[in-house]
2 protein chains.
Amino acid sequence: MPATPETDAATKGRGRRAARASGDDRERAILETAERLLEERPLSEISVDDLARGAGISRPTFYFYFPSKDAVVLTIIDRLVAAAAGSREQALATLAEGDLRAGLRQGLEDLYAAFRARRAVVLAAAELRTTNEEARELWTQVMEGWVADVTAVIEAERARGAAPGGQPARDMAIALVQMNERVQYASFAAESPSLADERVIDVLVDIWLRAIYGSADPG
Amino acid sequence: MPATPETDAATKGRGRRAARASGDDRERAILETAERLLEERPLSEISVDDLARGAGISRPTFYFYFPSKDAVVLTIIDRLVAAAAGSREQALATLAEGDLRAGLRQGLEDLYAAFRARRAVVLAAAELRTTNEEARELWTQVMEGWVADVTAVIEAERARGAAPGGQPARDMAIALVQMNERVQYASFAAESPSLADERVIDVLVDIWLRAIYGSADPG
DNA sequence: CGAGTTAGTCAACAAGTTGTCGAAAAGATC
DNA sequence: GATCTTTTCGACAACTTGTTGACTAACTCG
């Protein structure tokens, strides 16, 4: 049973000091403003003042609700990650049913869809990761969870003789999961080069299957 | 003949306004200070003042030599990229000799070594990429160059019947090159999860070969 | 109801950053 | 040594972030 990211623990203490009353509205307004602004411009070009004004409060009042701009984004990321954890559960269930090819595709597809639906947040998360230790830790937990799952799958396939041996399963899992992260990010950001939206899953699934089941013999 | 990144054009106008005299020393001092400081802490925690003081000049004088902190880092990245272009030439030559397996491994190894030797710069480049358009463009050129090379190799192997068909060669190339970028970055940053230094090449080569030569049939 | 705690608000401040301007110092040139 | 160009930096303006202290609205319990 691989670990689920501890979104509860991570959330603790991120928001307002105490909580009650109509202040919930303000908190929500700040979060919504952040998401809205992130669709228009990168995190680095959004100031605390922008967030405060967007939520109809002054800057000092903002600090009553959140300790920093980063904390707002971290809260948003937490929620996205928690939502994505849902698709993971489902993918593992499908996988347990036996058809790995279909299960794998389904899993990657669901995850891609979940993140794609909130591109702006994913992009902000990547940006935050470069400067914010807490964001790095959160992402580490997410990645470790996926790597653990994939490692287990690869080992199971090898054990039942369906997949040939090769590099250590965990090493393969790390590279594959990181490939997905990078390819999907590039696609969200519409970098160049990047895979077209509707090609992403086909290409990733193909490489995964070949990496897991194929041999490395040039003809 | 795939494109080489235009490091010459990109460098233009990045440094000082005019150029001559002993000001070269100062310029070098700034660049060296930047590289030195980047080994100790991330780019976001280095100020123009740090750079100036490190080079023994005042902050306004810094602006005589470079228009911004970003410009300094961009110059450093330019040089690293130009150096890395060397290994690429060599890899293509080895590849042309025929033994793709060895050539591929050699190419990935050389590139990895070139970047690994200046981890701090690579990490700074990644950080800068999230906020600086020019850095993104520079990296785009580098990536497009590699993708073009790899696409050509895959197509050649398919044409001579050594590799089976599958996803479009360019799509495969994009995913593989982006995988390498991400895996290597994680290793440099000692993220968790990440591949241990001495495992990186083995794992990447294995996945590349399976992706290029393998089929996607689960047993 | 009314004194007291609590939640919510913000003007004003402190400290840090970036980038610019204009005047002065240092060097080269004739 | 008068003149032009390069180099240098003190002082300033603009913009951040985060804090403090005082003020208001509301609730609460005797």
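- One atom, CZ of A:Phe62, and another, P of C:dG8, lie 15 Å apart when rounded to the nearest Å.
- Atom CG in A:Asp25 sits about 16 Å away from atom P in C:dA7, given to the nearest Å.
- Of the side-chain N and O atoms in B:Thr61, none sit less than 4.0 angstrom from OP1 or OP2 of D:dT7.
- Protein atom CZ of B:Phe64 is 10 Å distant from nucleotide atom C1' of D:dT5, rounded to whole Å.
- Ionic pairing of B:Glu35 and B:Arg118 is present here: one or more N-O contacts between side-chain nitrogen and carboxylate oxygen are shorter than 4.0 angstrom.
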*Going 5' to 3' through nucleotides 13-22 of chain D, assign each nucleotide B (protein heavy atom under 4.0 Å from a base atom), S (under 4.0 Å only from sugar-phosphate atoms) or - (no protein heavy atom that close).*
----BBB---

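- Proximity of residues 33-41 of chain A to DNA chain D (heavy atom under 4.0 angstrom from any strand atom) is not detected for any residue.
- Spacing between atom CZ of B:Arg53 and atom C1' of D:dG10 amounts to 13 Å, rounded to whole angstrom units.
- Checked for salt-bridge contact, B:Glu45 and B:Lys69 miss the test: no charged N lies under 4.0 Å from a carboxylate O.
- The pair B:Asp24-B:Arg28 does not meet the salt-bridge criterion, since no charged nitrogen lies less than 4.0 angstrom from a carboxylate oxygen.
- Legend: residues meeting salt bridge (charged side-chain N to carboxylate O under 4.0 Å, His left out) with A:Arg170, ordered by chain and number and at least two apart, are A:Glu144.
- Note that the CE atom of A:Met179 and the CE atom of B:Met179 stand 6.0 Å from one another [nearest 0.5 Å].
- In this structure, CG of A:Asp24 is placed 8 Å from P of C:dG8, rounded to the nearest angstrom.
- In this view, B:Tyr185 satisfies the side-chain hydrogen bond (donor to acceptor under 3.5 Å, both in side chains) rule with no residue, not counting sequence neighbours.
- For B:Ser68, there are no side-chain hydrogen bond (donor to acceptor under 3.5 Å, both in side chains) partners at least two apart in sequence or on another chain.
- For B:Thr61, the side-chain hydrogen bond (donor to acceptor under 3.5 Å, both in side chains) partners at least two apart in sequence or on another chain are B:Ser58.
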